[in-house]
Amino acid sequence: MNNIKNLSLFGVCFAFIVIALGAWTRLVDAGLGCPDWPGCYGFVVFPTDAAEIALAESRFPSFPYDINKAIPEVVHRYFAATLGFVAILLTYISFKYKGNKSLHWWSLGLLIFICCQGLFGYLTVSLKLLPIIVTGHLFGGFFTLSLFYLIFLKAGDFKILDQMRIPHLKGISILAMIILLFQIFLGAWTSTNYASLACVDFPTCQGTYYPEMDFKQGFNLSQEVGPNYLLDNSARVAIHYSHRISAILVTIVFLVLMSKLWFSAAAPLASTLGILLLTQISLGIINVIYVLPLYVAIAHNLIAASLLLGTITVNYLAWKK
């Protein structure tokens with residue numbers, strides 16, 4: 001059991017790294033740093049010398065080689081593949097363990113989902129950054145992290161958690177989870193459609209509290225676009241502004257949740273969620289005001305992941321029998 005707990009905890013930590021690398025790849029516009037999959041211009045890693053670069057560009061004349069974009073893409077792929085290996089090992093160990101058999105199926109489900117993530121990685125490249133595929137791939141990274149964390153919780157014998165049961169908070173806990181997942185989806189959709197800087201002022205957007213917005217085009221999930229395509233400005237504003245409004249709803253719901261947690265057996269979680277929420281809001285504002293600084297934008301992804309794990313913990317305490 002300890003092997004499962006330790007390996008799943010390692011998976012949680014490693015999944016954070018993969019999420020950070022995925023954000024880095026997206027933010028430096030390196031999603032097509034390698035136009036093929038799983039190789040890079042036909043190489044196992046990426047071309048380095050002049051002869052290899054010439055060969056690479058002859059293979060993919062429509063995609064001029066840029067090592068500054070190839071490196072993030074390749075690094076992300078290999079780290080994601082390593083996470084898949086961790087899932088394989090976790091599944092093998094869990095099936096050898098004769099105790100909690102539910103861990104078998106959780107681990108197997110994780111492995112299957114990571115295989116699906118690999119498929120989405122392939123489709124991201126082959127479909128030239130189709131927005132719904134890229135969004136699904138980004139969102140899937142958070143889901144992978146969540147599965148590793150749930151296995152860790154189920155494999156561990158945490159007596160302190162047994163003393164923090166909050167069955168009376170099931171309703172608000174699940175509501176907080178749903179609205180947070182929706183917000184994470186909106187964040188991924190915002191990044192996918194290059195809408196992060198559609199509003200470069202705060203709290204207004206383009207100088208007004210109600211800018212021109214095209215929700216129909218902005219949330220057309222079946223849109224077909226290429227790697228250099230930009231939605232119309234009004235469509236990108238609609239996406240960005242929706243992410244802002246949803247952040248307000250998340251804040252309201254989490255304030256209610258934290259107020260209830262504060263007077264429960266799980267009071268320490270109220271402070272944890274509060275710190276994470278305040279940090280996330282601050283990072284979002286900084287991203288707008290300072291024009292999406294790379295490391296701040298990556299941190300915005302990681303704090304979102306941390307907030308998700310905190311919310312999962314609350315739901316685990318509320319729903320565990």
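Position 1 is the first residue of the sequence; numbering continues from there. Every value quoted in this text rests on a predicted model; they were computed, and no experiment measured them.
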Would Leu110 and Trp106 count as a side chain to side chain contact (heavy atoms under 4.5 Å, CB included) here? Give the steps. CA-CA 6 Å; Leu110 168 65; Trp106 278 99; over 6 Å; no

Let me see the working for Leu249 and Phe182 under side chain to side chain contact (heavy atoms under 4.5 Å, CB included), right down to the final yes or no. CA-CA 11 Å; Leu249 296 177; Phe182 179 69; over 6 Å; no

Trp105 and Phe95: ring pair (Phe, Tyr, Trp, His ring centres under 6.0 Å), yes or no, with the steps? CA-CA 9 Å; Trp105 309 115; Phe95 270 86; 5.7 Å; yes

Where do Cys40 and Val45 land on the side chain to side chain contact (heavy atoms under 4.5 Å, CB included) test, with the steps shown first? CA-CA 6 Å; Cys40 185; Val45 185; over 6 Å; no

List the steps, then state whether side chain to side chain contact (heavy atoms under 4.5 Å, CB included) holds for Ile114 with Phe148. CA-CA 11 Å; Ile114 287 184; Phe148 270 112; 4.1 Å; yes

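Annotation: side chain of Ser173 is in contact with side chain of Leu257 (closest heavy-atom distance under 4.5 Å). The closest side-chain heavy-atom distance from Tyr122 to Pro38 is not below 4.5 Å. Within the 4.5 Å cutoff, no side-chain heavy atoms of Asp36 are placed close to those of Arg59. Contact of the Phe139 side chain with the Leu181 side chain is registered, since non-hydrogen atoms from C-beta on lie closer than 4.5 Å. Phe16 is listed as a side-chain neighbour of Leu309, based on a closest heavy-atom distance under 4.5 Å. Side-chain contact between Gln217 and Asn220: absent, with no pair of heavy atoms (C-beta onward) separated by less than 4.5 Å.
The environment of Ile160 atom CD1 is sparse: at most 12 non-hydrogen atoms of other residues, nucleotides or ligands sit within 6.0 angstrom. Summarising the local packing, OH of Tyr92 is surrounded by 12 or fewer heavy atoms from other residues, nucleotides or ligands at distances under 6.0 Å. More than 12 non-hydrogen atoms from other residues, nucleotides or ligands lie less than 6.0 angstrom from OH of Tyr149. Counting non-hydrogen atoms of neighbouring residues, nucleotides and ligands closer than 6.0 angstrom, the CH2 atom of Trp24 exceeds 12 such neighbours.
Qualifying ring pair (Phe, Tyr, Trp, His ring centres under 6.0 Å) partners for Tyr316, counting only residues two or more places apart in sequence or in other chains: none.
Here the CD1-NE2 distance, from Ile286 to His300, works out to 10.5 Å after rounding to the nearest 0.5 Å. With values rounded to the nearest 0.5 angstrom, Asn301 atom CG is found 9.5 Å from Ile184 atom CD1. Going from atom CG of Leu145 over to atom SG of Cys13 covers 9.5 Å, rounded to the nearest 0.5 Å. Here NE2 of His137 is found 11.0 Å from CZ of Arg26. Values are rounded to the nearest 0.5 Å. Atom-to-atom distance recorded for Leu169:CG and Leu175:CG is 12.0 Å, nearest 0.5 angstrom. Summarising the geometry, atom CG belonging to Leu150 is positioned 9.0 Å from atom OG1 belonging to Thr313; distances are rounded to the nearest 0.5 Å.
Aromatic ring orientation, Trp189 versus Phe219: parallel (interplanar angle below 30°, classes split at 30° and 60°). Between Phe79 and Phe14, the ring planes are parallel. Angles under 30° get that label, and only those over 60° would be called perpendicular.
Of the residues listed (Leu277, Ile281, Leu283), the one engaging Thr279 in a side-chain contact (heavy atoms from CB on, under 4.5 Å) is Leu283, and it is the only one.
One N or O on the side chain of Tyr65 and one on the backbone of Pro47 form a donor-acceptor pair closer than 3.5 Å. A donor-acceptor pair under 3.5 Å is absent between the side-chain atoms of Glu212 and the main chain of Val237, judged by distance alone. A donor-acceptor pair is defined here as one N or O able to donate and one able to accept, closer than 3.5 Å; no such pair exists between the side chain of Thr135 and the backbone of Ile132. Put simply, the side chain of Tyr241 gets close to the backbone of Tyr209: a donor and an acceptor are under 3.5 Å apart. Judged purely by atom type and a 3.5 angstrom limit, Thr311 has no side-chain atom pairing as donor or acceptor with the backbone of Met177. The main-chain N or O of Ala195 is never found under 3.5 Å from a side-chain atom of Asn193 such that the two would form a donor-acceptor pair. The backbone N or O of His243 sits nowhere less than 3.5 Å from a side-chain atom of Ser246 that would complete a donor-acceptor pair. Distance alone, capped at 3.5 Å, places no donor-acceptor pair between the Ser107 side chain and the His104 backbone. The backbone N or O of Ala188 sits nowhere less than 3.5 Å from a side-chain atom of Ser191 that would complete a donor-acceptor pair. Using modelled atom types, no side-chain atom of Glu57 and backbone atom of Phe63 make a donor-acceptor pair closer than 3.5 Å.
Here the closest non-hydrogen pair linking Val44 and Tyr78 is O-OH, 2.6 Å.
Sorted by first and then second residue, the salt bridge (charged side-chain N to carboxylate O under 4.0 Å, His left out) pairs involving residues 64-79 (not counting sequence neighbours) are Asp29-Lys69, Glu73-Arg77.
Judged by a 6.0 Å distance limit and a 45° cone about the ring axis, Arg244 is not positioned over the six-membered ring of Phe202.
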